[in-house]
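Step one of this worksheet: look at the structure below.
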Amino acid sequence: MLVRDHIADRLREAAAQAQRDGTLPPFDLPASGLVERPQKAEHGDFASGLPLRAAKAARRSPMEIASALANAIAPDGDGGPVGEVYAAPPGFVNFRLSAGWLRGQARAIREAGAAFGDVDAGAGRRVQVEFVSVNPTGPVHVGHARGAVLGSALARTLAAAGFEVTREYYVNDAGAQMDLFYRSVFARYAQALGKEAPLPEDGYRGAYLTELGAELAERHGSRYLEADEAKAKAELGEEALNRMLDVIRADLDSIGVEFDVWFRERDLYADGRYEETMAFLRERGHTSRRDGAEWFASSALGDEKDNVIVRGTGAPTYFASDIAYHRDKFGRRGFDRVINVWGADHQGHVPRMKAVMRALELDPDRLTILIAQLVTLKDGEDIVRASKRTGRIITLGGLVDEVGADACRFFFLARAAESQMEFDLELAKKQSADNPVYYVQYAHARIAGILRQAAERGAVWDDADAALLTDDAELALIRKMLQLPEVVDSIAVTLAPHALPHYAVELATAFHWFYDHCRVLSSDPADAELTKARLLLTDAARIALSRALGLMGMSAPEAM
RNA sequence: GCCCCAGUAGCUCAGGUGGAUAGAGCGGCUGCCUUCUAAGCAGCGGGCCACAGGUUCGAAUCCUGUCUGGGGCGCCA
């Protein structure tokens with residue numbers, strides 16, 4: 001259980017007790033937000049503003065209530081987290097963690113090891129995080145980097161929070177876009193064989209397709225020029241698609257983004273799931289025919305307007321398969337919850353997906369769509385918006401090559417998804433040493449250095465006496481480490497992983513401060529026990545810091 | 001025109017389900033390496049939290065309006 005929740009429970013008990021014995025009149029307690037982290041350390045480790053809120057209903061002054069509550073809560077001593085409890089004007093109940101208990105947490109963290117930071121907020125519920133899902137018609141470019149990093153860090157954190165997480169990439173391998181891609185590939189393929197073959201109007205013009213065409217020409221010769229069109233499309237198209245997916249996978253891999261499932265849109269059509277969903281909608285009157293097309297009546301379910309699902313030509317729109325896809329997520333796939341990470345250019349589709357949920361008779365709250373605002377890329381004076389429509393494409397792989405995967409991840413993660421962000425390439429490259437990412441990683445490298453030298457000296461700290469950890473810097477470090485589970489728990493609610501990099505910086509600061517104040521390794525025999533205790537603490541810090549870095553998908557370097 | 005997101009220090013951004021004196025990094029200025037990595041530490045300076053109202057014991061935080069910036073409003077995806 002989180003320390004915060006333990007303290008909230010103690011406060012609730014105290015309030016109930018005081019109300020039973022008449023010390024305090026009856027008043028309602030808020031369901032959440034009972035206990036918070038005060039901004040100032042002098043206000044304790046935790047604080048509750050309950051008395052201020054309850055004063056009116058209780059018809060007592062906030063300070064009277066605060067005193068009554070504080071008096072009703074007995075400290076835990078060294079065995080539990082609750083140390084000093086006191087009332088503070090204008091009406092707070094402040095809690096200070098027990099120093100004895102705090103010291104013991106150094107060992108507890110070390111024993112938790114890689115599981116430190118885990119919480120059980122998810123209780124094993126199944127959640128799918130679908131992200132990136134770029135059309136497989138070209139390489140991943142920078143515009144997708146933010147969503148990629150956001151989704152992967154969120155998935156990692158939700159797993160730590162006790163959810164069973166599936167990371168999924170939706171491969172749009174059906175539809176008009178794919179057809180255009182295939183015709184573009186075929187043109188490049190034919191051109192590579194010296195044939196006059198114009199690229200389709202609005203075809204894909206990237207150099208990568210010229211290369212792919214040449215590659216296919218080399219491998220297959222002119223075989224597909226003569227072949228039956230359908231056969232050529234099926235075989236050459238599939239090969240081209242798989243090559244693109246390889247490129248995409250490699251790009252994403254370079255920034256540490258991986259998926260459990262690569263879901264093929266085509267499969268929805270192949271085995272009848274698409275038709276089933278359409279039948280479901282039609283039976284319930286959610287569709288109508290107008291102007292030769294079939295429409296989904298989303299306006300009746302909260303959207304601004306209706307949307308076409310089957311064109312006049314008879315071809316389904318992307319939206320139609322998306323409906324079938326989402327029905328599949330909750331139905332056949334059985335996810336309790338689905339999180340889609342989309343770019344700002346898709347925000348208009350949120351209301352219609354919510355309408356889809358209602359039409360499918362699913363609770364709309366089970367689907368969360370996170371919208372990441374667009375990134376402005378700055379390269380010195382040049383500003384280039386990282387949107388799909390921009391002519392200047394910078395690939396994700398190129399960005400990683402220039403800036404490095406860790407720095408990229410940290411930069412993208414440090415900003416709240418709903419904030420637009422500026423990514424200065426020049427700065428990221430030039431001042432990489434000043435980047436906070438190195439500040440955090442440097443703390444880990446320092447820890448690794450100490451532990452390495454300790455091991456060389458044959459030091460063992462399993463039997464360390466944590467009671468020797470009495471310095472302010474030591475206790476501050478333990479306090480900061482203990483916040484990690486709270487951060488994980490909170491991200492499970494807010495779905496905002498940008499708390500991670502901010503926490504990581506604070507944790508690194510706490511360690512650097514400890515490093516400066518407290519010498520760990522000492523050759524003086526008189527310090528033997530203290531050295532052991534500090535090695536235990538340093539080891540715990542290694543665990544907390546590497547976990548924080550791991551949740552962000554960043555490396556924890558042994559040396560820098 | 002309608003809808004979504006944002007506006008906090010010179011710059012980039014946290015804080016936002018209301019709480020105590022609004023924070024960090026970068027940049028600027030001062031100090032600190034005989035001992036575990038100075039990619040570090042300590043300190044100084046820097047704010048009408050866009051603006052105007054409202055709710056409240058209390059507003060950067062919630063509500064309304066205005067302004068500014070970004071995005072969206074296709075039988076594209």
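When reading the values below, keep in mind they use all heavy atoms of this one structure, side chains included, and skip hydrogens, waters and symmetry mates. Chain identifiers are assigned alphabetically (A, B, ...) following the order of the sequence lines, protein sequences preceding nucleic acid strands; residue numbering begins at 1 within each chain.
Residue A:W513 places at least one side-chain N or O closer than 4.0 Å to OP1 or OP2 of B:A42. Using a 4.0 Å cut-off, some side-chain N or O of A:K40 falls inside it from OP1 or OP2 of B:G23. A sub-4.0 Å separation between OP1 or OP2 of B:A77 and a side-chain N or O of A:Y318 is absent. At B:A38, one or more side-chain N or O atoms of A:Y515 fall inside 4.0 Å of OP1 or OP2 (strictly under the cut-off). Contact annotation: A:Y438 side-chain N/O to B:G25 OP1/OP2 distance is not under 4.0 Å. A close approach under 4.0 Å does not occur between any side-chain nitrogen or oxygen of A:T317 and OP1 or OP2 of B:C76. A sub-4.0 Å separation between OP1 or OP2 of B:C73 and a side-chain N or O of A:H349 is absent.
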Pair pattern of RNA chain B in dot-bracket, where unpaired bases get dots and | marks partners in another strand, Watson-Crick or G-U under 3.5 angstrom
(((((((..((((.....[...)))).(((((.......))))).....(((((..]....))))))))))))....
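The side chain of A:Y439 approaches B:G40 more closely than any other nucleotide in the set B:G40, B:G19, B:C75. The side chain of A:H512 lies closest to B:G40 when the candidates are B:G72, B:U12, B:G40. Checking B:A20, B:C36, B:G74 against the side-chain heavy atoms of A:K305 singles out B:G74 as nearest. The side chain of A:R446 approaches B:U37 more closely than any other nucleotide in the set B:C36, B:U37, B:A77. Among the nucleotides B:G19, B:A14, B:A77, the one closest to any side-chain atom of A:A176 is B:A77. Nearest nucleotide to the side chain of A:Q177, out of B:A39, B:A6, B:C76: B:C76. The nucleotide whose nearest atom lies closest to any side-chain atom of A:Q39 is, among B:C75, B:A60, B:G72, B:A60. Closest approach to the A:R311 side chain among B:C3, B:A77, B:U21 is made by B:A77 (side chain taken as heavy atoms from C-beta onward). Counting only heavy atoms from C-beta on, A:E36 has its side chain closest to B:G19 among B:A22, B:G19, B:C75. When the nucleotides B:U56, B:A14, B:A77 are ranked by their closest atom to the side chain of A:K56, B:U56 comes out on top.
In this entry the base of B:C33 is syn relative to its sugar, with a glycosidic angle within 90° of 0.
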Residues A:H326, A:N340; criterion side-chain hydrogen bond (donor to acceptor under 3.5 Å, both in side chains); working and verdict
CA-CA 10 Å; A:H326 279 79; A:N340 294 345; 2.8 Å; yes
Passes side-chain hydrogen bond (donor to acceptor under 3.5 Å, both in side chains), A:T277 versus A:Y325? Steps please.
CA-CA 9 Å; A:T277 299; A:Y325 180 39; over 6 Å; no
Could you give me the CA-CA distance, side-chain angles and deciding distance for A:F514 and A:F511, then say whether ring-ring contact (aromatic ring centres under 6.0 Å, His included) is met?
CA-CA 5 Å; A:F514 160 72; A:F511 178 77; 5.8 Å; yes
Between A:Y274 and A:E265, is the side-chain hydrogen bond (donor to acceptor under 3.5 Å, both in side chains) condition met? List the steps.
CA-CA 10 Å; A:Y274 166 77; A:E265 178 185 6; over 6 Å; no
Could you walk me through whether A:N172 and A:Q177 satisfy the side chain to side chain contact (heavy atoms under 4.5 Å, CB included) test, starting with their C-alpha distance in whole Å, then the side-chain angles of each, then the deciding distance to 0.1 Å, before giving a yes or no?
CA-CA 8 Å; A:N172 294 112; A:Q177 199 89 358; over 6 Å; no
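Within 4.0 Å of A:G312, counting heavy atoms only, lies at least one base atom of the nucleic acid. At a threshold of 4.0 angstrom between heavy atoms, the contacts of A:E42 include nucleobase atoms, whether or not backbone atoms are also involved. Using a 4.0 Å heavy-atom distance criterion, A:A55 is classed as making no nucleic acid contact.
The separation of B:G53 from B:C41, taken at their C1' atoms, amounts to 47 Å, rounded to a whole angstrom. Using atom C1' as the reference point in both B:G19 and B:G10, the two lie 31 Å apart (nearest Å). For the C1' atom pair drawn from B:A52 and B:C3, the interatomic distance equals 24 Å after rounding to whole Å. With both ends at atom P, the span from B:U61 to B:G25 equals 25 Å, rounded to whole Å. Spacing of P atoms, B:G7 relative to B:G46, comes out at 24 Å, to the nearest Å. Between the P atoms of B:U68 and B:C26, the separation comes to 35 Å (whole Å). For the P atoms, the distance from B:A22 to B:C13 is 23 Å, rounded to whole Å. For the P atoms, the distance from B:C49 to B:A20 is 15 Å, rounded to whole Å.
No donor-acceptor pair closer than 3.5 Å links the side chain of A:R59 to the backbone N or O of A:P25. Not a single donor-acceptor pair under 3.5 Å links the side chain of A:T368 to the backbone N or O of A:I339. Judged purely by atom type and a 3.5 angstrom limit, A:D291 has no side-chain atom pairing as donor or acceptor with the backbone of A:A293.
A:Y169 and A:W262 have parallel rings, their planes meeting at less than 30° on a 0 to 90° scale where 60° marks the start of perpendicular.
Remark on RNA chain B: of its neighbouring residues A:S48 and A:N172, the 5'-side contact belongs to A:S48, judged by nearest-heavy-atom nucleotide.
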Please write out each protein N/O paired with an N/O of nucleotides 28-31 of chain B under 3.5 Å, distance rounded to 0.1 Å.
none

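Between A:E168 and A:K329 there is no salt bridge, since none of the side-chain N atoms of the basic residue sits less than 4.0 Å from a carboxylate O of the acidic one. Look at A:R519 and A:D527 and you find no salt bridge, because none of the NZ, NE, NH1 or NH2 atoms lies under 4.0 Å from a carboxylate O. Under 4.0 Å is where a charged nitrogen must lie from a carboxylate oxygen, and between A:D406 and A:R409 no such pair does.
Rounded to whole Å, atom C1' of B:A77 lies 10 Å from atom NE2 of A:H144. Between A:Y503 atom OH and B:G15 atom P the separation is 17 Å, expressed in whole Å. A:M421 places its CE atom 16 Å from the P atom of B:A6, with the value rounded to the nearest Å. One atom, CZ of A:R519, and another, C1' of B:U37, lie 11 Å apart when rounded to the nearest Å.
Both tests pass for A:R352 against the ring of A:F319: distance under 6.0 Å to the centre and angle within 45° of the axis.
You'll find a donor-acceptor pair under 3.5 Å spanning the side chain of A:Q420 and the base of B:G69, going by distance alone. Between the side chain of A:Q347 and the base of B:G71, at least one donor-acceptor pair of N or O atoms lies under 3.5 Å. Between the side chain of A:N94 and the base of B:A20, at least one donor-acceptor pair of N or O atoms lies under 3.5 Å.
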